[in-house]
Number of protein chains: 2
Amino acid sequence: MARGAAGTETRKTRSDAVENRRRILEVAREEFARSGVEGTSMHRIGRAAGVGQGTLYRHFEHKGALCSALLSEEIGAFVGEMQRRTEGRGPALGRLKWFLGWVARFNEENGPLLGAIRDASSGGRRVELYGNPFYERLRNTVVELLDEAVGEGEISPELDVECLADMFLAALNIDLYLYQRHQLGMERERIMGALRSLLDSLRVRV
Amino acid sequence: MARGAAGTETRKTRSDAVENRRRILEVAREEFARSGVEGTSMHRIGRAAGVGQGTLYRHFEHKGALCSALLSEEIGAFVGEMQRRTEGRGPALGRLKWFLGWVARFNEENGPLLGAIRDASSGGRRVELYGNPFYERLRNTVVELLDEAVGEGEISPELDVECLADMFLAALNIDLYLYQRHQLGMERERIMGALRSLLDSLRVRV
DNA sequence: GAATAAAACGGAGAAATGTCCGTATGTAGA
DNA sequence: TCTACATACGGACATTTCTCCGTTTTATTC
């Protein structure tokens, strides 16, 4: 406790560690694409990346964390694009519908991967569906749009927009979505239709 | 294919199998209570019940299935009571609100257990949130109540009640519920308030 | 009651996840 | 460049879930 006034003395990350982390992600992406998340063992990822188990787990606490890191990369672009396009103008409720449709399409495309990822964790370390940066951004967008809708007098100011935002997103929850699509055989358009009708019913009638 | 006209010839289940199944459930309930779901291995359950792994897995395909079976027992009474009390009369939408409130209260009481159970499975065999008998019954009840509401002219006949039923239940999804309660610090009454306002907005205005 | 075949049992072991700790290596200061 | 040590590496291993298959038991038929 003698040196470094702030006590936040920090050493540059070792270059081999940086490189290893990069290679693990690269290899994992390939292997997951080839054999699926389930079908790819952590052991194999380690070997393919040329690192031992200790190293692998030093970088990613568990398989779910590795999946999350991978998904984060994929998601980045999606969220950016999406948020930019919801900033347009026009009735906020209309933009919210469009936004939720986009989320449904994302489910459609990444459903299998998301499902696999959600299944991939064990030992109580499942990938969190809520409370991660991705969900926060989705949630914020919905809240903002609902707020705008309130501001524009489209919907009642008495509504609890925070809570409703969660509920609209829950309607597109990946677990439910997969169940409706594959177990119940509903089409995406049907699901979106129901959700839209719910949004429309919020409208204040003159 | 000579005997048994209907071809549904069936043999009485072996008594040892019946007894083993019963004992496995009994032991599992105890061990889970003592050490938690996570902290109890299938191995241990087998030993404590006096059966081998093969037998254990013959009765319950995977740990999640055992959890489900256990939960089903707990749930039985709950669902019966619930369904009986929703058969009363009065406006269907009001009864639906009451019913969903009941589900929320169930979440409140069994949340930690449900969460633990949901985490407990591995190898892609997690406890299914959808498509199990419990969910089916919840879903059916909501669908029936919505249908009644349509019949009584409370809500529009154009609504997709099947799909909406899933969405209302999704609003009380255990994962979301736990997140709202503990991460976001929302009270149960707040959550129910938002859900009720959503239901009210469905009303056809005169 | 004995024969028979279907059903269930048991436990070794395959395969996966995640931990531990002795060893190696890169970074910073002299 | 040399030294010191924080940091990262590696792989054996403990633990767990679930499978496989030879053996045993039970219900049924005669």
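Basis for what follows: all heavy atoms, side chains included, without hydrogens, waters or symmetry-related copies. First the proteins, then the strands, lettered A, B, ... as listed; each starts at 1. Here the structure is a predicted model, which means the values were calculated and not measured.
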Trace of the side chain to side chain donor-acceptor pair (under 3.5 Å) decision for B:Tyr135 with B:Asp166 = CA-CA 10 Å; B:Tyr135 184 77; B:Asp166 284 324; 2.6 Å; yes
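- Side-chain nitrogen and oxygen atoms of A:Ser15 include none within less than 4.0 Å of the OP1 or OP2 phosphate oxygen of C:dG26.
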Starting from the C-alpha separation in whole Å, work towards a yes-or-no answer on salt bridge (charged side-chain N to carboxylate O under 4.0 Å, His left out) for A:Arg23 and A:Glu26.
-> CA-CA 5 Å; A:Arg23 214 169 46 250; A:Glu26 179 186 321; over 6 Å; no
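- Residues of residues 23-36 of chain B that place a heavy atom closer than 4.0 Å to DNA chain C do not occur.
- A:Phe106 meets the side-chain contact (heavy atoms from CB on, under 4.5 Å) test with A:Ile75, A:Phe78, A:Asn110, A:Leu114, A:Phe134; sequence neighbours excluded.
- In terms of position along DNA chain C, the nucleotide closest to B:Arg21 lies nearer the 5' end than the nucleotide closest to the other residue of the pair B:Arg21 and B:His43.
- If you find the closest nucleotide of DNA chain D to B:Thr40 and to A:Gln53, the one lying nearer the 5' end belongs to A:Gln53.
- Salt-bridge formation is detected for the pair B:Arg22/B:Glu19: a Lys NZ or Arg NE/NH1/NH2 atom is positioned less than 4.0 Å from an Asp or Glu carboxylate oxygen.
- The separation between A:Arg44 atom CZ and D:dG10 atom C1' is 20 Å, rounded to whole Å.
- At the phosphate of C:dA8, neither OP1 nor OP2 sits under 4.0 Å from any side-chain N or O atom of B:Asn20.
- Residues satisfying the ring pair (Phe, Tyr, Trp, His ring centres under 6.0 Å) criterion with A:Phe60, sequence neighbours excluded, are absent altogether.
- In this structure, A:Lys63 reaches the C:dT17 phosphate: one of its side-chain N or O atoms is under 4.0 Å from OP1 or OP2.
- Summarising the geometry, the separation between CG on B:Leu66 and P on D:dT17 is reported as 11 Å, rounded to the nearest angstrom.
- Salt-bridge check for A:Glu87 with A:Arg95: failed, with every basic side-chain N at 4.0 Å or more from each acidic carboxylate O.
- Following rounding to the nearest Å, B:Leu56 (CG) and C:dG13 (P) show an atom-to-atom distance of 19 Å.
- If you take CZ of B:Phe60 and P of D:dT19, they are 15 Å apart, rounded to a whole angstrom.
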Donor-acceptor pairs under 3.5 Å, side chain of residues 191-198 of chain A to any protein atom, not counting sequence neighbours: which ones?
residue  : atom : partner  : partner atom : Å
A:Arg196 : NH2  : A:Glu189 : OE1          : 2.8
A:Ser197 : OG   : A:Ala194 : O            : 2.6

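- Taking the side chain as every heavy atom from C-beta outward, B:Thr141 and B:Glu144 never approach each other to under 4.5 Å.
- Within 6.0 Å of NE2 on A:His182 lie more than 12 heavy atoms contributed by other residues, nucleotides or ligands.
- Atom-to-atom, CE of A:Met42 to C1' of D:dT17 comes out at 17 Å; the value is rounded to the nearest Å.
- In this structure, OH of B:Tyr57 is placed 17 Å from C1' of D:dC21, rounded to the nearest angstrom.
- Dense packing is recorded around CZ of B:Arg105, with more than 12 heavy atoms of other residues, nucleotides or ligands lying under 6.0 Å away.
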Tell me, what's DNA chain D's dot-bracket, Watson-Crick or G-U with both distances under 3.5 Å, | for other-strand, [ ] crossing?
-> ||||||||||||||||||||||||||||||
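- Atoms CD1 (B:Ile45) and P (D:dT16) sit 12 Å apart, rounded to a whole Å.
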Distances for protein N/O vs nucleotides 3-7 of chain D N/O pairs under 3.5 angstrom?
residue : atom : partner : partner atom : Å
D:dT7   : O2   : A:Arg14 : NH1          : 2.2

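- B:Arg34 and B:Glu31 are joined by a salt bridge, as a carboxylate oxygen and a charged side-chain nitrogen come within less than 4.0 angstrom of each other.
- Contact annotation: A:His59 side-chain N/O to D:dC9 OP1/OP2 distance is under 4.0 Å.
- Contact check for A:Tyr130 versus A:Asn173: side-chain heavy atoms found under the 4.5 Å cut-off.
- Comparing B:Gly54 and B:Lys12 by the nucleotide of DNA chain D whose heavy atom lies nearest to each, the residue mapping closer to the 5' end is B:Gly54.
- Between A:Asp16 atom CG and C:dT23 atom C1' the separation is 14 Å, expressed in whole Å.
- Using a 4.0 Å heavy-atom criterion, one finds that A:Thr55 contacts the bases of the nucleic acid, with or without backbone contacts as well.
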